[in-house]
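Below is one structure, written out as structure tokens; comments come after it.
What you see is a predicted model, and the numbers here were worked out from it, not measured in a lab. So that the names make sense, note that chain A is the first sequence line, chain B the second, and so on, each numbered from 1.
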Number of protein chains: 2
Amino acid sequence: MSIEEKQKPQRNDRVTIRTVAKHAGVSVAAVSKVMRNAYGVSEALRARVTEAIEALGYRPSRAARGLRGRSFTIGVLLIDIRNPFLPEVIAGVNGVLAPSHYQAMIGVSDARVQLETSLIESMIDYKMDGLILVAPRLPSEIIAKFAAQIPIVAVGYHDAGATAFDTVNADDQRGAEIAVEALLACGYRDIEMLSLGEREGHQVSVVRQREIGFRRAMQRAGFGSSAPITKIPIAPPKREETMRKFLSRKNRPRAVFCWSDLDAITLLSLAMEMGVRVPEDLAVIGYDNSSTAALGLVNLASIDQSGRELGQVATRTLISRIEGRIGAEHIFQIPSLVSRNSLTLSNAPVT
Amino acid sequence: MSIEEKQKPQRNDRVTIRTVAKHAGVSVAAVSKVMRNAYGVSEALRARVTEAIEALGYRPSRAARGLRGRSFTIGVLLIDIRNPFLPEVIAGVNGVLAPSHYQAMIGVSDARVQLETSLIESMIDYKMDGLILVAPRLPSEIIAKFAAQIPIVAVGYHDAGATAFDTVNADDQRGAEIAVEALLACGYRDIEMLSLGEREGHQVSVVRQREIGFRRAMQRAGFGSSAPITKIPIAPPKREETMRKFLSRKNRPRAVFCWSDLDAITLLSLAMEMGVRVPEDLAVIGYDNSSTAALGLVNLASIDQSGRELGQVATRTLISRIEGRIGAEHIFQIPSLVSRNSLTLSNAPVT
DNA sequence: CGTTATATGGAGAACGTTCTACATTATCGA
DNA sequence: TCGATAATGTAGAACGTTCTCCATATAACG
């Protein structure tokens, strides 16, 4: 009635926690407590608030949440979106997250360290609750520095010595050994590995681990400690060229282990073009067991490391860390062999 | 010296806008202005602030930004991460965004409407500046409802009548026509289309558009208005089964147009297994010109719609809308034919 | 009954920005 | 020299949560 009939403009129609509180006839704090199901809430209160939330269709603002507390979002950083192995990891992450109140937001770094850094920083600035880095390029110390600000799990990053963050990996050394053992079991002796170009990937990358496994298995089989490895550049023009050179080499090996299906499949294609028969002239085994490898047209034997499972495990590990675990965990999974025609025509189970 | 020697705990080492302001000896508002390069900043001030930002390594909190104003983030919603066409779109988006101060955050809906909705809501709740929806499943009215809250550009969603949001598409009708014309030019007359199962995709989806284009081109060529279309279910067990049935049909057509490379490639694989020669017994043309199609091993003719370009255009359109444009834009791109061996062995340029 | 423990709800200060409204100073005609 | 206009900088109120204290009510215990 008095002059202060302000009647706040209220032109903003957004339903906030205050609207809910008013509607339920309780305090803002009470609503917040119910949302986070924190301690000190009676059944009656919870019911009233829940009903109000329902009735108003209230959704908490993630931005505001992030400013003060948790945002219930976890960030996933992908090095590359083209490699068909990575989507599998995402599927695993989403699968675990679906029933929870967490959500995944994905950033793609396109293998550029610059972008990778700024994406991680952004995710921290969003106050995300945790990060899953898939095959990051950053050196361990940098990741550790970030890990001081946000829980981090690295996937496909072999650094079992890390204390600041967790790692989840397929045992890439073992995977390479399994590949070599499969080739040996088929009777091949003259074996070479096709790996990734020098400049790509550091010591902790999966590629280097597979090289180590390859060399160890070869040595164990009595071929000395420096079994031959050919490096394939990643850039398109040089890439095919190097493969063609490999295929037309006089002393081309009888069997080849490729660090990834992506390369193995291109190799298969070039081999066909150049009249090199697989597996009669050259046996090929890849890595990742991608869906393309399974195509009848391709029929590429491969090491399966279940990206989906990796994603699931990484997510669970991250959540446990978010919820308070301290002390780093380093988890390994054992990959398995999927035998197909590129290994041997009989395609009989190996080993 | 007095009792109020509070000396604020200051255990928080985060560099905020306040830290910068203090360091530069200016107000908080001044720093904010420089950050957003708003009106009313002298060169001297800008220099001082910029220097302080540099020196302190200051990064604005995205969470706080989102709470008050713009967050300089745009959300991208992918229906599926497995389809190799979609990563191309992302690449396009990232390419345009890289030099700007915007960043992309990606959500994957796995083709589930439920998840798609909640992901969009999350992005709104994050106060993202705009959304790019790639091949969304949601009906137009729902998208329009969301568009009232945030600028939206839909890619791969044919709704030129939408007034609330923009659309960016390849002309899928025209693409299908081009495919049919290519098959006709090779002399094939008995042509069928392999499309996506009934339940997937609404009228505005790319699939249905391609069906329309297919039928129109066939009609134009004098084959009546109801050229045959076989629907392939999306789920793995039924999917292959239906394709096998198609391949072993008595009245199998001489040529087939597949709505996507993904299906076309599986078809190629099954054909090989079943001894159906391509293109001698069956010519195949796909859609998307995915990298797999280009493999020598696969050699699938395909319609190229440049996902990268789609992503670029969508991003530019979104930004222009964020920056104030009103009134919907509906952009079309013309796809092109990439001829390969699955079309004809001679592989001569068609038309 | 008095005392202490426990459960429940609320007040209100953060969190780190943006942005409106205002204060001050410089510039410019006339 | 005076006013008007433009340019530059600042104070301080949002924004929508979370979360630490507090206040009260109830239960438990001797």
Practice prompt. From the options dT10(D), dT18(C), dT17(D), select the nucleotide whose nearest atom is closest to the side chain of Thr16(A).
Written response: dT17(D)

Item to complete: Take the protein atom CD1 of Ile17(A) and the nucleotide atom P of dA11(C), then report the distance between them rounded to whole Å.
Response: 13 Å

Worksheet entry | Residue pair Ser118(A) / Gln103(B), side-chain donor-acceptor N/O under 3.5 Å | yes

Worksheet item: Heavy-atom contacts under 4.0 Å between residues 39-51 of chain B and DNA chain D, which residues?
Response: Tyr39(B), Gly40(B), Val41(B), Ser42(B), Leu45(B)

Item to complete: Determine whether Val26(A) and Val31(A) make a side-chain contact, defined as any pair of heavy atoms from C-beta on separated by less than 4.5 Å.
Response: yes

Worksheet item: Whole-Å distance between dC19(C) C1' and Asn37(B) CG?
Response: 15 Å

Discussion item. Would you say CD of Glu51(B) has more than 12 non-hydrogen atoms from neighbouring residues, nucleotides or ligands within 6.0 angstrom?
Written reply: no

Worksheet item: Any ion pair linking Asp125(A) and Arg14(B) (charged N to carboxylate O, less than 4.0 Å)?
Response: yes

Discussion item. Looking at Arg112(B), is its backbone amide N or carbonyl O close enough to the side chain of Asp110(B) to form a donor-acceptor pair, meaning the two atoms are under 3.5 Å apart?
Written reply: no

Worksheet item: For Arg70(B), which contact category applies under a 4.0 Å heavy-atom criterion: base, sugar-phosphate, or nothing?
Response: nothing

Discussion item. Under 4.0 Å, counting only non-hydrogen atoms across every strand here, what does Lys33(B) touch: a base, just sugar-phosphate, or nothing?
Written reply: base

Discussion item. Counting C-beta onward and ignoring hydrogens, is there a side-chain heavy-atom pair between Gln312(A) and Val93(A) closer than 4.5 Å?
Written reply: no

Worksheet entry | Euclidean distance, atom CD1 of residue Ile124(B) to atom P of dC15(D) [Å, nearest integer] | 19 Å

Worksheet item: Is there a residue in residues 52-67 of chain A whose heavy atoms reach under 4.0 Å of DNA chain D, and which residues are they?
Response: Tyr58(A), Arg59(A), Pro60(A), Ser61(A), Ala64(A), Arg65(A), Leu67(A)

Worksheet item: Tell me: OH of Tyr126(A) to C1' of dT17(C), nearest whole Å?
Response: 13 Å

Discussion item. Is a donor from one side chain sitting under 3.5 angstrom from an acceptor on the other, for Asp159(B) and Thr167(B)?
Written reply: no

Give each protein N/O atom lying under 3.5 Å from an N/O atom of nucleotides 12-14 of chain D, with the pair distance.
residue: dA14(D); atom: N3; partner: Arg68(B); partner atom: NE; Å: 2.6

Practice prompt. Considering just the side-chain nitrogens and oxygens of Arg18(B), establish if one lies under 4.0 Å of OP1 or OP2 belonging to dG16(C).
Written response: no

Fill in: For the student: nearest non-hydrogen atoms of His23(A) and Ala52(A), plus distance
ND1-CB, 3.5 Å

Worksheet entry | Distance, rounded to the nearest Å, where Gln149(B) contributes CD and dC15(D) contributes C1' | 16 Å

Worksheet item: When you check the phosphate oxygens OP1 and OP2 of dG10(C), does a side-chain N or O of Ser27(A) lie under 4.0 Å from one of them?
Response: yes

Worksheet entry | Length of the CZ-P vector between Arg14(B) and dG16(C), whole Å | 7 Å

Practice prompt. Scan side-chain atoms only and decide if Thr73(B) and Tyr126(A) contain a donor-acceptor pair under the 3.5 Å cut-off.
Written response: yes

Item to complete: Look at all strands and tell whether Ser32(A) reaches a base, only sugar-phosphate, or nothing, counting heavy atoms closer than 4.0 Å.
Response: base

Practice prompt. Taking only Lys NZ, Arg NE, NH1 and NH2, and the carboxylate oxygens of Asp or Glu, determine whether Arg59(A) and Glu121(B) approach each other closer than 4.0 Å.
Written response: yes

Item to complete: Evaluate whether atom CD of Glu54(A) has more than 12 neighbouring non-hydrogen atoms of other residues, nucleotides or ligands under 6.0 angstrom away.
Response: no

Worksheet entry | Polar side chain donor-acceptor pair, Tyr102(A) to Thr315(A), under 3.5 angstrom | no

Fill in: d(NE2, His101(A); P, dT18(D)) in whole Å
11 Å

